[in-house]
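Chain letters run A, B, ... following the sequence lines, proteins first, then strands; residues in each count from 1.
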Amino acid sequence: MKQDIREILAKLGGLPVSVDTISDSADLYTAGLSSFASVQLMLGLEDKFDIEIPDHLLNRRSFASIDAIAETVSAVRAGQEAA
Amino acid sequence: MNVISGISGFDLVQRARKVAAVAGKFADDVDRHGRFPAEAVAAMKAEGLLGIQVPVELGGIGASIAEVAETCSLISQECASSSMILAMHHIKLSSLIAHGRGDAWHEGFMRRVADEQLLLASATTEAGIGGNLRNSICSIEVDGDTCRLTKEASVISYGAHADAILITSRANKDAAPSDQVMTVFLNGQYTLEKTHDWDTLGMRGTCSEGFLFKGEAPSRQIIPQPFAEIAAESMLAVCHLLWSGVWYGIAVNAVSRAQAFVRGAARANPGSVPPGALRVAEVAAKLHLVKASITASIQDYERVKADPAHAISIAFLVDMNSLKVTSSEMVIEIVDQAMIVCGIAGYKNGTPFSLGRHLRDAHSSRVMISNDRILANSANMLLVHKLDTSLLG
């Protein structure tokens, strides 16, 4: 999943550095993720993983790192399967 | 509703009214000459209004954002420039309180703000960033215990009159434009070379001139949290809430003048309803809308703030953006309609019904962070955020 996240991040994140240089736990906002790009990233994730991210997870923390994004996607998937 | 009744032994409303009386006395002169409202700011300091938000344990009275907004609104009814200065000071102070707790230097500084009534200014804009305060070109240089910063600050409101400036920059010379920090520089730790004048339509007393800022200070004065967090978690919301409080003050005073005008006409012609009366009713309804929008947003803010586990959601940011756009559009409309009611007496300067300054001050609201920029930001967020469809939220 993290490889998919990295691909979406490279395409939509608008980062000034290559995604390959960013570790899974690194803070993406520090790396240059803007609020505009973070929303585009959310849209890309919804499309790629066929999920709808609920409002309570639409915050900065849920998308602060590749690890955090993976957790968010997993949590949404688990929630959708349970529903 | 008196939101301020909770503070014992410190009659905030009475103190704000005293400051408002001073501000009102000099408002036309401040406006005409585009000068700093020194008398009103001296009165704010004398009444302790610059420190009200500082927590009790650090020497303040721990006033809430609701209380600060009410204070701003009361002063704005007499002089919007003076009120905007107080609002901008408290926006900076709210960032310190939200993000500087637990840090010895910043706690000591908050105590000084309360004890010495220090006036804080903000330097978040920079030549070349296109108005997006979440980007910086300049970077702070940390050299052991010392930090140095040079910034082409295209606007520092009342910068020449401040006791300290809170200024943003990139966190270091290799940092991305959005990887920013905010640093407190005390008067004496920086020089300001004026680069831009402030000769504007309204809000002329804020003296929002541009400067070349050069500062050197102990590096512990850098606020530890990234500016990204400060902006997202406290600054933007407080900014829209307090600005709206200032604009409400302009609007409510304009409506009061229109109402007084119509009442005078009714007394002169008993038995008939003056032609402006219907418009006063119409504009009072609009004023009510702005008031409701501000008070609901303040309640939202207090609710989010009271829950430390609660992250600032996109929903909350969209709501704060909506407040800013709505209240700024409405205040212009309200003052404009009040002027129709007062007619020539409203259009002329120097009458009890003059509304020229109100109208010019009100027009700042749409361009202080352009509404188009804010709507574009909301438009982006609304691509993922689904609006809450419940009435009571």
On the 0 to 90° scale, with breaks at 30° and 60°, tag the Trp247(B)-Trp243(B) ring pair as parallel, tilted or perpendicular.
tilted
Under 4.5 Å to a heavy atom of chain B? For Ser34(A) that would be neither
Taking the side chain as every heavy atom from C-beta outward, state whether Ser370(B) and Ile374(B) have any pair of such atoms under 4.5 Å apart.
no
Could you tell me which portion of Ile53(A) (side chain, backbone, both or neither) has an atom closer than 4.5 angstrom to a non-hydrogen atom of chain B?
backbone
Is chain A contacted by the side chain of Ala315(B), its backbone, both, or neither, given a heavy-atom distance below 4.5 Å?
neither
So that I can tick it off, tell me whether Asp67(A) and Lys2(A) are bridged by a salt bridge, with the cut-off set at under 4.0 angstrom between side-chain N and carboxylate O.
yes
Cation over ring face, Arg77(A) and Phe49(A), 6.0 Å, 45°
no
Turns out that what part of Asn377(B) lies under 4.5 Å from chain A's heavy atoms comes down to side chain
Below 4.5 Å, heavy-atom pairs only: which of Asp388(B), Ile314(B), Asp179(B), Asn380(B) has the largest tally toward chain A?
Asn380(B)
To the nearest 0.5 Å, atom OG of Ser219(B) lies from atom CD1 of Ile140(B) at 8.5 Å
Examine whether an atom of Ser35(A) lies under 4.5 Å from a heavy atom of chain B, and if so say whether it belongs to the side chain, the backbone or both; otherwise answer neither.
both
